[in-house]
Amino acid sequence: MTENYDFQRIEAKWQKIWEDKEAFRVFEDSKKTKFYCLEMYPYPSGRIHMGHVRNYTIGDVISRYKVMKGFNVLHPIGWDAFGMPAENAAIKSGVHPQKWTMENIAHMKHQLKRMGFYYDWGREVNTCLPEYYRWNQWIFLQMYSKGLAYKKKSWVNWCPQCQTVLANEQAAGNRCWRCDSEVKQKDMEQWFLKITDYAEELLSGHDLLKKWPEHVLLMQKNWIGKSKGAHVTFPISGTDQFIEVFTTRVDTIYGATFVAISPEHPLSQKLISDSDKKERFQTWIERSIKKQKLEKDLTEEEKEGIDTGKKATNPFTGAEVPIWIANYVLMEYGTGAVMAVPGHDQRDFDFAKKYSIPIQEVVVPEGKSSSGELEEAFEGYGRLVNSGDFTGMTSKEAMDAMAQYAEDSGFGRGSILYRLRDWGISRQRYWGAPIPIIYCEKCGALGVPEKDLPVILPRDVEFLGVEGSPLEHTPSFVKTSCPQCGGQARRETDTMDTFFDSSWYYFRYCSSQEETRPFQSSAAEYWMPVDLYIGGVEHAILHLIYARFFCKIFRDIGLTTIDEPFPHYLPQGMVTKDGSAMSKSKGNVVDPDKMLEQFGADTLRLFILFSSPPEKEIAWNEKGVEGSHRFLYRIWTFIHENLDFFSRDKNQVLEAPPESESHLHLKTKMHQTIKKVGDDIEKRYHLNTAISSIMELFNSLKKECESLKIHHEDRDLVKNTMEILVQLLSPFAPHFCDEIWEKMGHKNILLHASWPVFDPELAREETVTIVVQINGKLRDKFDAGRGLPKEDLERKALESERIRNIIGDRKIRKVIFVQDKLVNIVI
RNA sequence: GCGGAAGUGGCGGAAUUGGUAGACGCGCAAGCCUCAGGAGUUUGUGGUCCUUGUGGCCUUGGGGGUUCGAGUCCCCCCUUCCGCACCA
């Protein structure tokens, strides 16, 4: 009677054995080569979802494989535990964010264990605990003392009804997510990190990231947005003030027929202050600023502006041009002011047409002459016309010459501009790491002294959901004394963006218990950098740039010698159902718990990997899960039906048999599969094809076994192949394989068994199929010994009756030969 | 608008270096087993045509090209998805 495949019992059994053996604990060991496999840690939202299952299963298979290959593998996990959902839950249902978060973590931890993941739980980090976030504060203070953290005014979304700051996603559609009132913009003091200091290095560091997908590097590159150009100052007529502009096309400056500044530009108020239309202008400016902040698609917005009536002088031509305030000029980019060249910029062209501003042509396409009246802006490069001494130069020559001339004349310089902006980390929220700053009336803003860290987030606060952060209304937190003069002082009540937490957690895993520094440098020297980082591509820009930025700061303050934390990044695709991402609102969520109950962890792991290669999206299909389950079941039944045979004592040697053809075939297949599975896991990360090749091996094995009773001599090979198969499958379905392995009489767990080695000689087919083509079309094929020379195979091909019939009496022009593959006869 | 990725049977996907397209799995069909089956098992399964063969033709979004040979390389176009977006 065949024993049932009781996966619930088996999985619980092996999870306990692994835990009792502490099989997943790792320590630094200089004798072994380390491998640090990291997956993006989860936000403890309550339950794990299929995206987690996929992400962590990919990492788990690679980790287990590397362990079997003899590496010292660090595979940690933790919790991105601060953030808004916890606070929202508090506001809505009165549960304390800490309670909510810790309960979620407990449940999700249980779920992850239930999946059988190879995690060293001794290194678990939890960002909402003071043990962790005190180092956020410490790092912040290091940055503050180096001038890398600073405070400045910035616009935030503000709900006047709730009297609170809103995140962008809470202000969707320009309406407050809670009370639906109209969102306003408010200018508030906020903390920033000077990531722009590292813009160039974040860009040039891409050269070290050889194992990142090209498109991810490109996304980051666009985000950093480096532009080469020039800054030029235009004096404002009748004043001693200037407008500075940035341009990437200084070669077109002779065609600058006006200057346009952003409504938000500091000069915009001054320039209209003595205008008789001041009030109308004022209203227009306010409306434009608001639109710029809130409109999603600004390109759709019609270009409009107001003429300030003031003039500025084009320093190249000496001509006076009007100064406009225009809604298409953004304060965030460049200087917030542009030299407008209608002839060579379509936006300026549209604007000039609307307000009848002159359009001048100063660049013509190479080999063409001036076209008279322009129909639209010519934005390409060409040769300069109507440009004084620079006329006749190419655009490229002129850009250098003009930048040089501007610099020599003192009204400009060649320059480089980045789109990347400093990172605002202030959040007017409770559930985050407090920013360790104290404000004293006398001494100003001071960092909390290191000895006073951590600044503990107080537990007892009120969650009204209105009038700013709960911390502001907690006097016991706010009131403090000045660390310098001892006088009355007030704490910063803003907390940190949770991206701050996730920018360095991978360092913390190296020594998560360390109490005197964020991490032990020696431990980080051993484990870092992360050898493989796996996670959703939605973090390709922000998280991965911030983390790279932090690593470079750590290097610059002497905590590490690493330049890049993640030399290898593997983005993993989404799990979708019915054409869209699984989400509660769509109602298309498949709960991993349900799958675990129905099929078990091994089936779920196998299915999620088998469906698709890691980078691709997975469309969930319940039938496929059954297929993966069936595969395990078939192996289970097969082993149990022949249990006497498979559990036979290893030492019982059978006489070496003569090698039959099918015997040879199976042996070859076995060695090929070892090679393929290894390559698929560590070279291509195509775990789906690794699994399919194991399935193929099992199919071959079963076929061979139909003759098991007849061909006594194949038995050793069959048993050996089965053992290899279980080893190859074990990273994918670890509980199942350990159970079978034990049944086959082994005492060790598979994690401690080494990965099988293939013999290249045996992996090579002794007979190959030679394809015969005529004019590139398949016409015949035959088997032949490996390595036969062209002449033999060509003769054999021409002997074939089919081939002879097709050729008839036509003349053979030539014959193409590919060793061990094909003979192509061209007639 | 700019940038990127992708398009292969009814479905998920395979084809790693230009060399047998459709591996593996799902689904479907038929047989076996069964009182029964939404279980198990065996076989078949891209389309099409006929003379049913170890057959012919067609087939990797569409159209051209390079090559003895193209899913793979080049050019043009279409569709879908993603990122950025008045970036000066």
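Residue numbering restarts at 1 for every chain, and letters A, B, ... go by the order of the sequence lines.
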Please list, chain by chain and in numerical order, all residues satisfying side chain to side chain donor-acceptor pair (under 3.5 Å) with [X], sequence neighbours excluded.
X: A:His671; result: none
X: A:Asp783; result: A:Thr769
X: A:Asn688; result: none
X: A:Asp307; result: none

Using a heavy-atom cut-off of 4.0 Å across all strands, would you classify [X] as base, sugar-phosphate, or nothing?
X: A:Arg779; result: sugar-phosphate
X: A:Val815; result: nothing
X: A:Thr769; result: base
X: A:Asn699; result: sugar-phosphate

* Asked: What residues form a salt bridge (Lys or Arg N to Asp or Glu O under 4.0 Å) with A:Arg810, not counting sequence neighbours?
  -> none
* **Residues which pass salt bridge (Lys or Arg N to Asp or Glu O under 4.0 Å) with A:Arg779, listed by chain and number, not counting sequence neighbours** => none
* With sequence neighbours excluded, what pairs up with A:Val771 under the side chain to side chain contact (heavy atoms under 4.5 Å, CB included) test? -> A:Gln773, A:Leu778, A:Leu822
* Asked: How would you list, by chain and number, every residue that makes a side chain to side chain contact (heavy atoms under 4.5 Å, CB included) with A:Lys623, sequence neighbours excluded?
  -> A:Asn621, A:Glu626
* To do: Using heavy atoms and a sub-4.0 Å distance, could you list which residues of residues 610-617 of chain A are near RNA chain B? By number, please.
  => A:Phe610, A:Ser611, A:Ser612, A:Pro613, A:Lys616, A:Glu617
* To do: Can you sort out which residues in residues 244-257 of chain A have a heavy atom within less than 4.0 Å of RNA chain B? Ascending by number, please.
  => A:Phe246, A:Thr247, A:Thr248
Hey, is the side chain of [X] poking within less than 4.0 Å of OP1 or OP2 on [N], counting only N and O atoms?
X: A:Arg634; N: B:rC24; value: no
X: A:Arg419; N: B:rA85; value: yes
X: A:Arg630; N: B:rU41; value: no
X: A:Thr689; N: B:rC24; value: no

* Among A:Phe349, A:Phe234, A:Phe351, which residue meets the ring pair (Phe, Tyr, Trp, His ring centres under 6.0 Å) test with A:Phe258? -> A:Phe351
* **Salt-bridge criterion met for A:Asp679 and A:Lys676 (N-O under 4.0 Å)** => no
* **Identified stems (criterion: three or more consecutive Watson-Crick or G-U pairs, under 3.5 Å), RNA chain B** => B:1-7 with B:78-84, B:10-12 with B:24-26, B:27-32 with B:40-45, B:46-49 with B:55-58, B:61-65 with B:73-77
* Asked: Around atom NZ of A:Lys211, are there more than 12 heavy atoms of other residues, nucleotides or ligands at under 6.0 Å?
  -> no
* Structure fact -> With sugar-phosphate taken as primed atoms, P, OP1 and OP2 and all else as base, the protein-contact string of nucleotides 67-76 of chain B at under 4.0 Å (heavy atoms; B, S, -) is -BS-------
* Are any of the side-chain heavy atoms of A:Tyr333 and A:Ser227 separated by less than 4.5 Å? -> yes
